[in-house]
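Structure first, commentary second.
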Protein chains: 4
Amino acid sequence: MVHSSNTRSKDASGRLQRRAEARRLEILRAAARVFRRRGFAATGMREIAAEADLSSGNLYHYFRGKDEILYFCQDRSLERMLEALAAARASDASEATRLREVVRAHVRCLLDELDGSAAHLEVEVLPRELRDPIIDKRDRYERGLRRMIAAGVKTGEFARCDARLVTRAILGAANWTARWFRPEGPRSATSVADSLSDYLIRGLVADCDSPAAPRPAADSGGSR
Amino acid sequence: MVHSSNTRSKDASGRLQRRAEARRLEILRAAARVFRRRGFAATGMREIAAEADLSSGNLYHYFRGKDEILYFCQDRSLERMLEALAAARASDASEATRLREVVRAHVRCLLDELDGSAAHLEVEVLPRELRDPIIDKRDRYERGLRRMIAAGVKTGEFARCDARLVTRAILGAANWTARWFRPEGPRSATSVADSLSDYLIRGLVADCDSPAAPRPAADSGGSR
Amino acid sequence: MVHSSNTRSKDASGRLQRRAEARRLEILRAAARVFRRRGFAATGMREIAAEADLSSGNLYHYFRGKDEILYFCQDRSLERMLEALAAARASDASEATRLREVVRAHVRCLLDELDGSAAHLEVEVLPRELRDPIIDKRDRYERGLRRMIAAGVKTGEFARCDARLVTRAILGAANWTARWFRPEGPRSATSVADSLSDYLIRGLVADCDSPAAPRPAADSGGSR
Amino acid sequence: MVHSSNTRSKDASGRLQRRAEARRLEILRAAARVFRRRGFAATGMREIAAEADLSSGNLYHYFRGKDEILYFCQDRSLERMLEALAAARASDASEATRLREVVRAHVRCLLDELDGSAAHLEVEVLPRELRDPIIDKRDRYERGLRRMIAAGVKTGEFARCDARLVTRAILGAANWTARWFRPEGPRSATSVADSLSDYLIRGLVADCDSPAAPRPAADSGGSR
DNA sequence: TATGAATGAGATTTCATTCAT
DNA sequence: TATGAATGAAATCTCATTCAT
């Protein structure tokens, strides 16, 4: 009884907070869409506001400024990618399979109509304090990929290569999809993700006649 | 035969024109450097002017405006790439060799400290009249790559694949180098170009055990 | 006598009113503190709200707007000063003593940590309708001081002088304390008030050797 | 001969620089006028620009921003006051005469229609990097006054007092003139400066009957 | 009474571009 | 050819105020 008012007000404030959080997400999604279309620097706060359907002044209730919006966009998509990386690591499939899974998730995450954000591709524009944590995350992700590749090379599953360079080649090819992919085009995001990851992994797997003739059991291809 | 005075003035004007042309090139190179560092939208005319060591007002003696500078940057690097494409076509090596040659030239062109311009990577910002001819050239270039790949597939040199998608994967991986390559880093531009093209072509070549008998399987899946 | 129910509700409403009045005072004090720190124009409603520990929207339940807050700050401190002026007038001490009392009260009022408001120092920012009554009060106060000085001059207690100018000199010296006084400093507000009023009055009192026979060479005017 | 072009261009650039410097001064004067009327925070760049007769954007050719304009206003008037202080120190008149001279210069500097700047009165609004050097200068000036007073006390020319407090009283009375003085009023700036300094010094000088034998009494009380 | 959301006007500042010299 | 001055539009951001709850 006595607590009812407290409880109610607590509920109310909880509802409010949840609603505010939801609004923040909507804004981030809207911003990601505009950033993808026009790039960060060329996007105005007014455009973000229009896309999110609020006044430009009101944006500043939810975020400190344009930089912070970009920061959260980047953070969100990096988080998703790190999750995919962790999930792949947890599986016990071959390195090739795990790597393919990560690349597919990466591409799907970029191209996802609703939530997709290529925003993490523009990092240099942020001020130090916001850039550094993003770069940390990005590097953590890249390192994860590199280690997968290096591991595959060690087991002989992958051909010898400069793991760092190949990682970046894969990331480049994957990130580039955000530039050319059109949802109304002939192929779905999922199908693009599949084909692309196939191609990128194929360049990694050791040649079948394998120079020194390493293990017979290769990744995705039995006796091949 | 013209009179000496005419001749002299012609010479003089020729010298002047040549000098002006050289200055234009210097400016384009300077602009390309800044665009690569900061992106087009975030780059100010004053920054370009400072990098090219002239006053911002004076830029307008050489170019109509910022857009035109970007236009010529893009045009120049696309021209160089189209030349490399033509040169590769003229050779009679295998498709793989020719394609590798194009990719190597592409990467070297992007990373070349002096002339490299990653500027063609931002096309959408230009107004129609400047954008359209650039897009034409860019598409011509992409089509050239795609045809090489398709040809290789037809001869069985390359595995079956979606040539459009692989083309874009290759372009993505190659273009991305402009983002991460640091000239002071451990590898030279040429060495990066070599390794990257190796990896990208390897993903294309038909499985080693089947150069003479390409599998009947379809694109990216089939009976595999 | 009213009925109990009425009485009760009247009491309740009285309590409420009293409570609301107290809240208004708290807000005014908080606002005065912020105004003193940052100046009126540079102070935001949110800062006032934060200092008074309520939401910025809620400020508008107590005041019509920022201007009105400033108005009441100024009005309150002017009222206190006018009271001190009246009290001094009511005493039958010498002019010098009465004037010193007013100045001491003025300074203490400004420096008083809790209630002090230097806010009346910014008058011009208010819109006419709010500014005029404040200016009236301020002028009334200044006139009171001026008359004290003029009276002292007439009785020979003070040296001849431009009463208006000396009044303003005194007000300036007194008001300025609000800028430099720090409560954590070596001297208390009261001690500062004492010393300052001593100095300011000493400049007024007629030279010792001429209380009844002022020197022939007066202030700004030769043989007059 | 050969040098003539060089010389000419040098002259031209010298002229340009001088003109630019003159423009900067005009802007500072204009800004000082507006700051005096409306206060720093309440003054918009547009108002400054209008008063200085140029576009608001163009202000940024001459100054980094509003803060820097205030900084230079303050710096200029503090420089003038420090000069007056140094000049007074160089004279060999009595302490009272020297102090009076400084105060007169101070007031004239504030009220001077053309160059006067009360802008140094708002210091706290500046960011650290600009505020610190101003505060240094201001403190140097205040210290100069304080030492003059302390010296006068030592020689017996001035009555015993808290030199710091009296310094601030004098500064307060002097600075306050910027608030109430109207050039179209009955008294000239010079006349105000004279009368005010007379009054302020009179409060300092030792009682007339004791020039040779200053009372042993302490600070603010004694046998008076 | 109280709040957070919302807004529109206006602040400072930037910037591509033009112009006088 | 070259420059610095100048401008107007637009960008980001702030803020007093109002509103729904």
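Numbered from 1 within each chain, the chains take letters A, B, ... in sequence-line order.
Not one side-chain nitrogen or oxygen of A/N58 sits closer than 4.0 Å to the OP1 or OP2 atom of E/dA5. Side-chain N/O atoms of D/R23 include one lying less than 4.0 angstrom from OP1 or OP2 on F/dA6.
Both distances falling under 3.5 Å, in either a Watson-Crick or a G-U wobble arrangement, place F/dA11 opposite E/dT12. Across all strands shown, F/dT21 forms a Watson-Crick or G-U wobble pair, both distances under 3.5 Å, with E/dA2.
A salt bridge between A/E26 and A/R23 is present, with a side-chain N of the basic residue lying under 4.0 Å from a carboxylate O of the acidic one. A salt bridge links B/R38 with B/E47; the closest basic N to acidic carboxylate O contact falls under 4.0 Å. A salt bridge links B/E51 and B/R33; the closest N-O separation between the charged side-chain nitrogens and carboxylate oxygens is under 4.0 Å.
In this structure, CD1 of D/I27 is placed 10 Å from P of F/dA5, rounded to the nearest angstrom. Between A/R38 atom CZ and F/dA10 atom C1' there is a gap of 13 Å when expressed in whole angstrom units. Atom CD in B/E21 sits about 11 Å away from atom P in F/dT1, given to the nearest Å. Spacing between atom CG of A/D53 and atom C1' of E/dT7 amounts to 13 Å, rounded to whole angstrom units. If you measure from atom CZ of D/F63 to atom P of F/dA6, you get 13 Å, rounded to the nearest angstrom. Note: CD (A/E26) to P (E/dA5) measures 13 Å, nearest angstrom. We find that CE of A/M45 is positioned 20 Å from P of E/dT12, with the value rounded to whole Å. In this structure, the CZ atom of D/R46 is 14 Å from the C1' atom of E/dT14, given to the nearest Å.
Both B/A20 and A/D67 lie near DNA chain F, and the one whose nearest nucleotide falls closer to the 5' end is B/A20. DNA chain E is contacted by both D/K66 and C/L59; C/L59 maps to the nucleotide lying nearer its 5′ end (nearest heavy atom per residue). Position along DNA chain F of the nearest nucleotide to B/S56 versus A/A41 favours B/S56 as the more 5'-ward residue.
Within 6.0 Å of CZ on C/R37 lie more than 12 heavy atoms contributed by other residues, nucleotides or ligands.
Counting non-hydrogen atoms under 4.0 angstrom, D/G44 reaches the backbone sugars and phosphates but no base. Within 4.0 Å (heavy atoms only), D/G57 reaches at least one base atom of the nucleic acid. Looking at heavy-atom distances under 4.0 Å, B/L54 makes contact with sugar-phosphate atoms alone, never a base. Using a 4.0 Å heavy-atom distance criterion, D/Y62 is classed as a sugar-phosphate-only contact.
Considering only the side chain of A/Y60, F/dT12 comes nearest among E/dA6, F/dA6, F/dT12. Distance from the side chain of A/H61 is smallest to E/dT7 among F/dT12, F/dA2, E/dT7. Considering only the side chain of C/S55, E/dT3 comes nearest among E/dT3, E/dA5, F/dT3.
The residue from C/L130, C/L126, C/V123 that alone fulfils the side chain to side chain contact (heavy atoms under 4.5 Å, CB included) condition with C/I135 is C/V123.
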*Between C/F35 and C/E122, is a side chain to side chain contact (heavy atoms under 4.5 Å, CB included) present by the stated rule, with each step listed?*
CA-CA 10 Å; C/F35 288 156; C/E122 289 190 74; 5.8 Å; no

